[in-house]
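Contents: one structure, followed by commentary.
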Amino acid sequence: MYGERVSRVPDAVLWWSTAPGSATPGRRVLPDGCMDVIWADGALLVAGPDTAAHVVTDRPGARYVGLRFGPGTGPAIFGVPARELRDLRVPLDDLWPGAEVRRLTERAGEAADAGPALSPVLGPVLGPVSDPALGAVLEEEAARRLGATHRPVDTALVGCVVEGVRAGRPVARIAADTGIGERRLHRRCLDAFGYGPRTLGRILRMNRAVDLARGGTPPATVAAVAGYADQAHLSREVRSLTGVTLGALIR
């Protein structure tokens, strides 16, 4: 079971998932340019920005609740450049003071089986019944850290880069639009997203293609709409970033 809703934390999504009660093959978490804080069966961990699909083998019945931060937002929450967490899963107490993480873990555990929540920071927490109350705990802490951070999100840079790569603009054009040189843009992107603008563009385009395909769009049309040279180009990119074919992903 999987569900999600738009978070009250800016540019974030709250999601929750429970693994089937019996053993299942490893599932693929696709790279998306995002970073997550995840409550996983009582422990808190951070998922950095991936460059390829991350294969997860769940314990039967395992329960997860996560807060997914949009591209470029995570470093302000976690306090480290995104490049330092690229392709990693690390305990939250590797990044935040241990005492703070212990308190947060205790609060999340207490809320795990609670009902609707009321956050002093975010107000009433609305959402479907299956939205765990502990999600409100994660949202509250993220909102607090965003308000207190000394590393605020560079919204102008992040917005310009994300918009530019989604539109398929050359890196030189994106650099010109941001008013900085290509090398400096690349360094800034490594800190914000975990990788440079070209890789970010490949990942976001692939996700759009997968979404289109899952919605029933034929592969040839997916390739044209998502900005690939042809269907073969689409196939190569999907396999390169996920390890499987587009057809395997949408089955």
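Keep in mind that the numbers below use all heavy atoms, side chains included, and drop hydrogens, waters and symmetry copies.
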- Side-chain ion pair, E106 and R103, N-O less than 4.0 Å: no
- Item | I38 side, atom CD1; R68 side, atom CZ - distance, nearest 0.5 Å | 8.5 Å
- Side chain proximity check, M206 to P31, heavy atoms < 4.5 angstrom: yes
- Distance, nearest 0.5 Å, that separates OG1 of T155 from CG of D11: 10.5 Å
- Where do L146 and A76 come nearest, in terms of heavy atoms and distance? CD2-CB, 4.0 Å
- Note on the structure: dist L44:CG -> L92:CG (nearest 0.5 Å) comes out at 5.5 Å
- Message: Does I203 form a side-chain contact (heavy atoms from CB on, under 4.5 Å) with D50? I'd like the steps, not just the answer.
- Response: CA-CA 9 Å; I203 287 170; D50 291 325; over 6 Å; no
- Message: Please report the interatomic distance CG(D230) to CG(L234), rounded to the nearest 0.5 Å.
- Response: 9.0 Å
- Message: In the structure I gave you, are the side-chain heavy atoms of E141 and I77 within less than 4.5 Å of one another anywhere?
- Response: no
- Query: Side-chain contact, heavy-atom cut-off 4.5 Å: T245 with V238?
  - Reply: no
- Message: Looking at every heavy atom in both L138 and V65, which two are closest together, and how far apart are they?
- Response: CD1-O, 3.9 Å
- Message: When you compare the side chain of P81 with that of L190, does any pair of heavy atoms fall below 4.5 Å?
- Response: no
- Task: Search all heavy atoms of C34 against all heavy atoms of D32 and return the closest pair with its distance.
- Result: N-OD1, 2.9 Å
- Should L30 and V55 be counted in the same cluster of Ile, Leu, Val, Met, Phe, Trp and Tyr side chains packed under 4.5 Å apart? no
- Hey, are the side chains of M35 and T73 touching, using non-hydrogen atoms and a 4.5 Å cut-off? no
- Task: Given side-chain contact (heavy atoms from CB on, under 4.5 Å), test E237 with R205 step by step and report yes or no.
- Result: CA-CA 9 Å; E237 282 288 276; R205 180 173 59 182; 3.8 Å; yes
- Taking 4.0 angstrom as the limit, do D154 and R188 come out as a salt bridge? yes
- Message: Starting from L85, can I reach V101 by hopping between I/L/V/M/F/W/Y residues whose side chains sit under 4.5 Å apart?
- Response: yes
- Check for a donor-acceptor pair, side chain of H233 on one end and backbone N or O of A229 on the other, with a separation under 3.5 Å. yes
- Hey, could you give me the CG/OG distance between L246 and S235, rounded to the nearest 0.5 Å? 7.0 Å
- Task: Grab the two heavy atoms, one from W16 and one from R5, that are nearest each other, plus how far apart they are.
- Result: CZ3-N, 3.9 Å
- Message: When you measure from the side chain of R208 to the backbone of V225, do you find a donor-acceptor pair of N or O atoms at a distance under 3.5 Å?
- Response: yes
- Task: Mind checking the OH-CZ spacing from Y195 to R86? Nearest 0.5 Å is all I need.
- Result: 9.5 Å
- Message: For the backbone of T51 and the side chain of D87, can you confirm whether one donor and one acceptor N or O come within less than 3.5 Å of each other?
- Response: yes
- Item | R173 vs D177, side-chain contact (heavy atoms from CB on, under 4.5 Å): CA-CA, chis, key distance, verdict | CA-CA 6 Å; R173 166 73 183 281; D177 289 344; 3.3 Å; yes
- Query: Quick one: are C189 and L200 in side-chain contact, heavy atoms under 4.5 Å?
  - Reply: no
- Is a side-chain donor or acceptor of T217 paired with a backbone partner of A213 at a separation under 3.5 angstrom? no
- Query: Less than 4.0 Å between a side-chain N and a carboxylate O, is that true for R89 and D36?
  - Reply: no
- Query: Side chains of F193 and V161: closer than 4.5 Å at any heavy-atom pair?
  - Reply: yes
- Query: What closest approach, in Å, do V158 and A192 show between heavy atoms, and which atom pair accounts for it?
  - Reply: CG2-CB, 4.5 Å
- Item | salt_bridge(D191, R187) N-O dist < 4.0 Å | no
- Message: Between R8 (side chain only) and A143 (backbone N and O only), is there a donor and an acceptor less than 3.5 Å apart?
- Response: no
- Query: Are V37 and L45 close enough that some pair of their side-chain heavy atoms sits under 4.5 Å apart?
  - Reply: no
- Neighbour count >12 (heavy atoms, 6.0 Å) for atom CZ, R27: yes
- Query: Which of these passes salt bridge (charged side-chain N to carboxylate O under 4.0 Å, His left out) with R145: E140, E100, E139?
  - Reply: E100
- Any donor-acceptor pair under 3.5 Å from S17 side chain to Y64 backbone: no
- Item | Heavy-atom closest contact (P197 atom, L185 atom, distance) | CG-CD2, 4.3 Å
